[in-house]
Each structure stands twice: as structure tokens, then as C-alpha cells.
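All residue numbers in this chain count up from 1 along the given sequence. Values in this document were obtained by computation on a predicted structure and should not be read as measured data.
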Amino acid sequence: MRIEENGGESASVNHLIFAYYVTGHGFGHATRVVEVVRNLIAAGHDVHVVTGAPDFVYTSEIQSPRLFLRKLVLDCGAVQADALTVDRLASLQKYSETAVRPRDSILATEVEWLYSIKADLVVSDVVPVACRAAAEAGIRSVCVTNFSWDFIYAEYVMAAGYHHRSIVWQIAEDYSHCEFLIRLPGYCPMPAFRDVIDVPLVVRRLHKSRKEVRKELRIGEDVKLVILNFGGQPAGWKLKEDYLPSGWLCLVCGASDTQELPPNFLKLPKDAYTPDLIAASDCMLGKIGYGTVSEALAYKLPFVFVRRDYFNEEPFLRNMLEFYQSGVEMIRRDLLTGHWKPYLERAISLKPCYEGGINGGEVAAHILQETAIGKNYASDKLSGVRRLRDAIVLGYQLQRVPGRDVSIPEWYTNAENELGLGTGSPTSEMSESNAITEFCTDDFEILHGDLQGLSDTRSFLNSLVELNNVSDSEKNNEKRQMRERKAAAGLFNWEEDIFVTRAPGRLDVMGGIADYSGSLVLQMPIREACHVAVQRNHPSKHRLWKHALARQNAKGQGPMPVLQIVSYGSELSNRGPTFDMDLSDFMEGEQPISYEKANKYFAQDPSQKWAAYVAGTILVLMKELDVRFEDSISMLVSSAVPEGKGVSSSAAVEVASMSAIAAAHGLSISPRELALLCQKVENHIVGAPCGVMDQMTSACGEANKLLAMVCQPAEIIGLVTIPSHIRFWGIDSGIRHSVGGADYGSVRIGAFMGRKIIKATASTRLSQSMSTANGASPDEVDNDGLELLEAEASLDYLCNLSPHRYEALYANLLPQSMLGEVFLEKYVDHGDTVTVIDKKRTYSVTAAAKHPVYENFRVKAFKALLTSASSNEQLTALGELLYQCHYSYSACGLGSDGTDRLVQLVQEMQHGKASRVDDGTLYGAKITGGGSGGTVCVVGRNCLRSSQHILEIQQRYKKATGYLPFIFEGSSPGVGKFGYLKIRRSIAPKS
């Protein structure tokens, strides 16, 4: 509603003017906007649609002089290299070019245009700047959507670097000007909108019946019809006749004019009305989007889908699709190689059961009309400032929210509760009490190993018992059973031995990113751990999934060794719950494939890239230990180590996986060697440039002790018992950490650049000193100084350089920053095998090189203090060292607002009046691991009051940000101390 200067209202219920902004991301948004606009026009109103979509998308459904199309794109959505591949960096760069740089001119133009058309209400799906333009024009605005771009782009920031994060903040701020949200089913967390009205599915109406469409296409009812709906097709893809089972025909949407199709594939016109075609088909094959999902549900059409990478809308739509028994997931490899048959046959056996409303367009149009004439749907419960704070903080969480602090769909939380997914795993919750559920030994017997009183291991074994019972009964309600549980139930031969291992995550107490520079590090294995169950079977006895069996039959070679993996927790993120491959894929002739080829193999389908952490352990054993695997392997991975919180979730998965594989195959590998092998998995197959301290702690750590290790490359110098009066906690900031993120890698490169410059400088000084020494008497030669320069000229690790030598000789010579191209011209390379210098990027050198030199000194001092006499001064000094480390991270560019806030809260607690009166409780805190978010480590006195203060900080952080932090406390043994369990189903299982 437009507010006139005299205070009157311009709107009339008989004739309203709507400005409807449509995002430039694909046609899906435009097609649902059509249905809302159609209803608005039917009510007698004018609608001006700002869109980049072709005219036919609107005019094929709406022929009215009240429809005005204005061709303009004010955002770009997610940039896709092809139908399945999202380019995260290009998406942010394109958005910056489209909406950020010209922002001032966009706002001025849009405000003027809104005045010119006399708009009564601005509607956005879901263009951020439209909300801001409406506010500046004094016009109310409403968003209609199932997701918002701050949530989608938040994940991209980790890959692109924090210099892009202002984009997310700006988008959230724009949305905060919106009056309220009309929220569509299958919605994501959208914290920028705190006033919400839910509506049914917005679905385009049918023009023709199934019978009419088939008659026009000359397709009989006896023909099975699949519609291929990708909105474009994967690059370089050629469809083949044998992709379809006999008696099937495929309708192809979005085919190019020059594309040749086999006789059983039918090319559809670009302006074909897809709702009619969808309703006339027997199933759909495509990628998940709101349009495809809503129409599949509305017309009860089974949907065979292939995941897109890096699009956070997808998990929510996918879970809704599967909840109503309408979805079958196809892995990308089988899509591209034509192994469609098992998926299509599975799809037509489904019985879709969505019975909800499909008149969301009509409902939304009515709400918009009522809003335009003055009805107030928005509440006053939250101020604009509060809404903006929520938008910025929650919208910037670089993780998918499980639903405790923001509202997400009921069916989604139901799925979470059924699995007990506190942190994404059925075994994630560990009881502090002694009332531990007993392991059902009537079902399984432990042939080797000891539970060691670990409640999470008992829970994991009990989950295997439940799977065994599921496999026996097969009476589960398919609508309620998650796919990963179903896949796991059919994974094992319950009459054969199963090997179980457990590896914890770790809390980085001191050392952190200085590990790759050779520092001493102090690491504590945490209570949360990853469990892996492994079974090996002869290929002829291995239970294959249907698509894996179809792939093997197509090769015509008989039973061959296959790897099948189920990973719990995938349903709350955008990754596949299962992975399978022929183990022969790891071979090239008689030799294992290269790590480079393995990296590309796992990267080809980002939804299954997680499998590199698990399956990669097999290739490393093949290459490094010359192991050959003749049997098929089944693996179940269940990790309670939260992802993205900087506590080494990836290392826990790698170490647990490799140790389980080793146990099942009778391989004897020391914990230290195991850790080094797992580092190769992460460095070379996953492609993350991590040091080795994570894997070492998970493999070699012990409960309630700090693992002391010199990372040159991995020399364990002992275990430091944590004194009884000292305790460590981890507090999660809620900002997703990634060791593969651009900032971590650039700081590592900067450190290695600094080392190369120092070596070159030392070499030059040494040559000059040697020349001078040749003409001097022996008494005048400083042999000690020459020896130091010799050592520094061949410096293997930055941490072998003492702080005083660094300050005396090199600190003033290092550049603050350096362009990659300039460095390479002068020094050729930086001497790091796991990172690559980008010639066009500028790297910080001084801060990155200084940090490890000083950090090594701080860690040594910290270790010495731990063994000193108990005193308040001891705790104060330990805390001060943590603070120094934290601010050194920030100087490197690896800080974050969330972790800085947590450290500030610890300082406020430490220096508060209560702490000064009583004995102190908390003494210091620092960001951990690779930085850029993740978890803060806190040191304090081991007492009840300290724990109360930690909980108080947790609540203060939530009050300030809306996010309730996860608290890590307690410790557990590494895999070396745990060993492995060998279990087998009992002969007489419990009735």
C-alpha cells in the first residue's frame, strides 16, 4: 500500500496495483509467480512483473491487458555451469556485479519506477533489493518464497573467502525491511522474516487431462512415460536408446534445437506447458526445485531426482518429497552412464500420498490483496532492530540449522526426532549418568575387544541390533523410515563377523594452524566420536543394492568386489546417505590409480564427495602398503562429531574408517602410522591442506590427557595429564568452519612464502658473511652466527626459528603482503606440496609467517605451566597464552565475529565482580583449529562454578545472536587405545 503525503491511502479494493519482483534464478520462481499473478488479475488488479524470464512463461497462462512485463534482472541466484553444477564463487561474483556495485542506481531507479506506476504493494520472490526499494518509496512489501538468498549464499562464503560475507549481511538487511513472509511448503530456515503466514503449495493448474495429452502425443496407456525435466542438461551429455527399459518413452524438456535424440526420446517444444505433461507421465526424472517438487506432489507423480551441489534449498524439498513417498534418488554417475532402469522401476512402485492443499496461489493472492488495502498481518512482537539482528546473525550461520532455534517444517523435525539426531547421528547423545542402556548380548556376542565403559559405543552397538531386527522383520512403515536406515538394514550379512572401531574428534588447546609449520601442539580428544562398522564378504555372497547390481550386470563380468557405504546424518544436509563403487575403479591396469585421479573421481558428484574421507582410506592402503582387496566391503559410518565446528570431524571419520578396514583385513598398523596415512587421504584425495595433528589426536590420544606432538612431521613427545584443578571446554560459535576454505589455504600459503623469503635472506647473509670470513683471522669469525645462518638458510619448518632471531633479522624484511605472480617470478615456488599459489591473488605474508614462530614458543610455555605448582598465577598465565593465540589468529585474517564474541564473553566473566570476589573460574579462550569460525577453547578452574559460568556464556551468546552454542566437555580415548570390536550375531537370537 502506497502512503500519500497527506496521510491518505491510495488503494482501492476494486483496483490495486502490484509490483512483483521475480529472482533471476531459473524459471521455477517465474512459474509459481504466474499462479499468484493470475489470481490477482482475476480479482481485477494490475500486476507489473519485473522478471528476466521469457514472455511465454507468463503469457501462455495469462492473456490480460492487466499484466505488464518489465524485463529486468536485479539478482542472479545461483550461477550454474550446467544443470547440476553450481559455481559458488561465480554466484557471489555475479551477484556483486548485478546487485551490489550498481546498488545506489538500482534503488534510485526502482523508487522512481514504483512512484510512476503508483504501486500499492511490492511483492518479492525473492529479490532482496526490492524490499529495500519499497521501504525507501514508503510502500509496504511482502515476500513469497520457500527460501531466501542469505541462507543459500551463506555456504558459498566459506568457499569464496570472507571478503564476500558483506553480501550475505546486505541481503539479510534488505529482507528485514519486508513486512512479512508468505511461506511456501518445503521451506528453509529464513530468520530475516519473523512474521510468517504459511500457505498451501503454489501449483500451476492443468489445462488438459492425462488422456488428452497422451492422445495428442499419440502415446498409449500401455507405454510407460518418464518426463526428463532438468531445465537444461548436464554438459557434454548424450542420451542413448538403452538408457530406458523396454516399453518406456521419455519426454525431454529443454533440449537444444541441434540435439539429436534416440527414437525412444521425444523432444518437447521450449514453450510446452509442463504441468499437463507431468500429470500425463508415469514418473519424472530431474533435479529438485520448488516447481518440480510441488507439481510432482500435487499430481502424485513419482520423482526420480539427482542432487544439485551447493544449493541449500534442496534438502528441505527433498525431505518433503520423500516424506510423501514420492522420491527416489539416483546417483549422478548412474544418470550420466545410463543405468536408469532400477530407479525407474522403483519409482513406479511408489504410492505418492500427498493430500495437502494445492491452492497456494489463490490463498497468497488474497493475502496480498488484503495487505494492499490496509490489513496488518505483521505483529509488533519484534522491533525492526531485533529483526535485523536476527537476519544478520542467524542468516549468516554457515551450517544447516537442525531446527531447535528457528522454525522449520514439522515433517522435517519429525524426521530428526525419529533418528534422535541431536548432532546428525543416531549415536550422538551420550548420557552423563550411569544408567546406560545395556548392549543386547543375546543378539550379538563380542568376540574381541572391550567397550571400555563408553556409552556411545553401547548405543552404536544397540543401533546395529535394531538394524538386525529391521532386517528380520521388514515390517517398518516406509513413509516414516529414513532412507539411510533402510539402506543400513540391508547392508550386512548378519551371520558373518562385523568389525567396529571408534575415533574421537579433538579440541585444539594450543598449536592450531602452526602444525603445518612444525610447531609443538597440545590436543585433547573429545567425548564425541565417530563409529564405523565394517564387514567383508566374498563378491558372490555380497548383498548388492539394486542399482549396483544393475551396473555390475551391465558389465557382464559376474560378481566383482564392491564397496558399499551408508553414512548416518545425511538427511540433515545436502549429501547422499549412501555411496557405492566397484573396487576395480581404484585400479588402472595392475596398479592403483593416482591420488589426482581419485580426487577427480570423488569430486564429479559433490553430493557424494563425502565418500572420499571413507573410501579414500582404501586407496591409500593400496598405494602406501600395497594392499589388494579381493572381497566386497560394507561400511556403516555414524559420527557424533559435529561437522563444521572445528573439532576435526573429518579426521575422526578417516581414522575410524581406516582402522576398521585394517581390523577386518588383519592389517597391523601402529596408531602413528595410521594417522599419517589418514592425512594422505585428506591432503591428496579429499584435497584439504590440513596438518597432521587432527589425525594424530584421533589415533593416538588418551582420555583426560593432552597429546603433545611436534609436527615435524609427527613426533609424539608424550601425553600431558590435565591437572585435576584445570578443565577445558569447547564452545561452538555456530559459524561453520572448513579447513578447505579459502582463508585457511591462503594463510598457509602466506606462511610458506614467508619461510621461502627467510631462507633466501639467510642464504644471502650467509654468502656475505662467508666472503667476509675468508679474509679475516680465526678469532674474528663468528662461527656460531654462521651456524645459525646455515640452519636458517635450509629452514625446514618456520617453528625452528626462534622469536628473537625472527625479530632481529627477518621481521622487517618480510612484506606485509605479496601478489602470487610477483612471488613466483622471484622465488619460483613456496615449497608446499598441498597448496597452489594463485598468480592473481594477494597473500598476507608477515602475519602468516609470524604466527607459527610465536605460537611454538607459546605452546612450549603452556606445556611447562601445566606441570608447575597449582596457583591462581598458573591459571592466569595459561589463559593469557590462549588470548595471545586468539588475537594472532585474527591478525592472520582467521578470526570471526562469533568466536570474537565468545572470547569477549569469557573475558567479561573473568573480570566480572563475582570472579574478583571469589576464586576465579574462567581464565582464557581462543579460536581453534583452522579458524574462521568453529569452536572456541576455554581454560578454567575445574569446579562447579566454572561450569555454571560456561552455561551462562552459552545463554548470553544465544541472547545476543539467537544461536544456542554446542558445548564440548569431557574426553575419550583415541582409536589406538580403543582398538576394535569384533562382533557376530548369536546363534539363537532373542525372540
Side-chain angles (χ1 to χ4, degrees), residues 307 315 318-319 322 327-331 333-334 342 346 415-416 418-421 423-428 459-471 474 476 478 481-494 496 498-503 529-537 542-549 551 561-583 602 605 607-618 632-641 643 649 652-654 656-658 660-661 664 983:
R307 298 188 193 217
R318 185 180 72 243
N319 278 295
E322 293 176 345
V328 174
E329 179 175 356
M330 176 186 285
I331 61 176
R333 184 170 71 248
D334 285 345
R346 167 66 178 154
E416 177 185 356
E418 281 184 15
L419 287 179
L421 296 180
T423 55
S425 165
T427 60
S428 65
S459 297
F460 179 71
L461 295 181
N462 280 328
S463 74
L464 293 181
V465 172
E466 293 168 5
L467 291 178
N468 175 23
N469 294 335
V470 167
S471 181
E474 297 183 353
N476 291 272
E478 187 172 335
Q481 190 182 354
M482 303 301 286
R483 286 189 302 122
E484 60 188 29
R485 302 286 284 183
K486 289 164 57 182
L491 188 63
F492 297 118
N493 180 345
W494 299 104
E496 301 295 332
I498 297 174
F499 295 82
V500 175
T501 55
R502 177 192 186 278
C530 173
H531 287 84
V532 172
V534 167
Q535 185 179 74
R536 55 186 291 195
N537 282 296
H542 195 220
R543 302 173 63 178
L544 289 177
W545 295 321
K546 288 183 179 179
H547 65 272
L549 180 61
R551 187 176 65 241
V562 171
L563 170 66
Q564 294 186 151
I565 307 170
V566 175
S567 173
Y568 282 156
S570 65
E571 297 300 337
L572 296 184
S573 62
N574 195 20
R575 59 180 174 87
T578 64
F579 173 83
D580 64 272
M581 64 178 291
D582 297 334
L583 286 174
F602 289 107
D605 184 353
S607 73
Q608 293 198 314
K609 189 175 180 180
W610 62 267
Y613 295 98
V614 184
T617 62
I618 293 175
S632 290
I633 300 172
S634 298
M635 302 181 72
L636 174 62
V637 180
S638 175
S639 182
V641 185
E643 298 178 25
S649 57
V653 170
E654 293 156 358
S657 297
M658 185 175 286
I661 293 287
I983 63 174

Quiz item: Only one of I565, L563, I331 clears side chain to side chain contact (heavy atoms under 4.5 Å, CB included) with D580; which?
Solution: I331
Say you draw a straight line from [atom1] of [X] to [atom2] of [Y]; how long is it, rounded to the nearest 0.5 Å?
X    : Y    : atom1 : atom2 : answer
I633 : I618 : CD1   : CD1   : 4.0 Å
R485 : S463 : CZ    : OG    : 6.0 Å
R333 : R551 : CZ    : CZ    : 4.5 Å
I498 : L636 : CD1   : CG    : 9.0 Å

Exercise. List the steps and the verdict of side chain to side chain contact (heavy atoms under 4.5 Å, CB included) for H531 and L461.
Key: CA-CA 10 Å; H531 287 84; L461 295 181; over 6 Å; no
Please name the pair of heavy atoms, one in [X] and one in [Y], separated by the smallest distance, quoted to 0.1 Å.
X    : Y    : result
S638 : F460 : CB-CE1, 3.7 Å
A656 : C530 : CB-O, 3.7 Å
P561 : S632 : CA-OG, 3.4 Å
P577 : R307 : CD-NH2, 3.2 Å

Quiz prompt | Audit row: I983, L464, side chain to side chain contact (heavy atoms under 4.5 Å, CB included) steps and yes/no | solution = CA-CA 10 Å; I983 63 174; L464 293 181; 3.8 Å; yes
Quiz item: Would you call L491 and L467 a side-chain contact if the rule is heavy atoms closer than 4.5 Å?
Solution: no
Quiz item: side chain to side chain donor-acceptor pair (under 3.5 Å) with S634: which of E496, Q535, H542?
Solution: H542
Practice problem: In sequence, state the C-alpha distance, the side-chain angles, and the governing distance for T578 and Q564, and then conclude on side chain to side chain contact (heavy atoms under 4.5 Å, CB included). | Solution: CA-CA 7 Å; T578 64; Q564 294 186 151; over 6 Å; no
Self-check item: Working for salt bridge (charged side-chain N to carboxylate O under 4.0 Å, His left out), residues R318 and E329
Solution: CA-CA 9 Å; R318 185 180 72 243; E329 179 175 356; 5.1 Å; no
Practice problem: Give the intermediate values and the outcome of side chain to side chain contact (heavy atoms under 4.5 Å, CB included) for residues V566 and F492. | Solution: CA-CA 11 Å; V566 175; F492 297 118; over 6 Å; no
Practice problem: Check the angle between the aromatic planes of W610 and F579 and answer parallel, tilted or perpendicular using the 30° and 60° thresholds. | Solution: perpendicular
Exercise. Determine yes or no for a side-chain-to-main-chain donor-acceptor pair under 3.5 angstrom, with S649 supplying the side chain and V641 the backbone.
Key: no
Quiz prompt | E654 side chain vs T617 backbone, donor-acceptor pair below 3.5 Å | solution = no
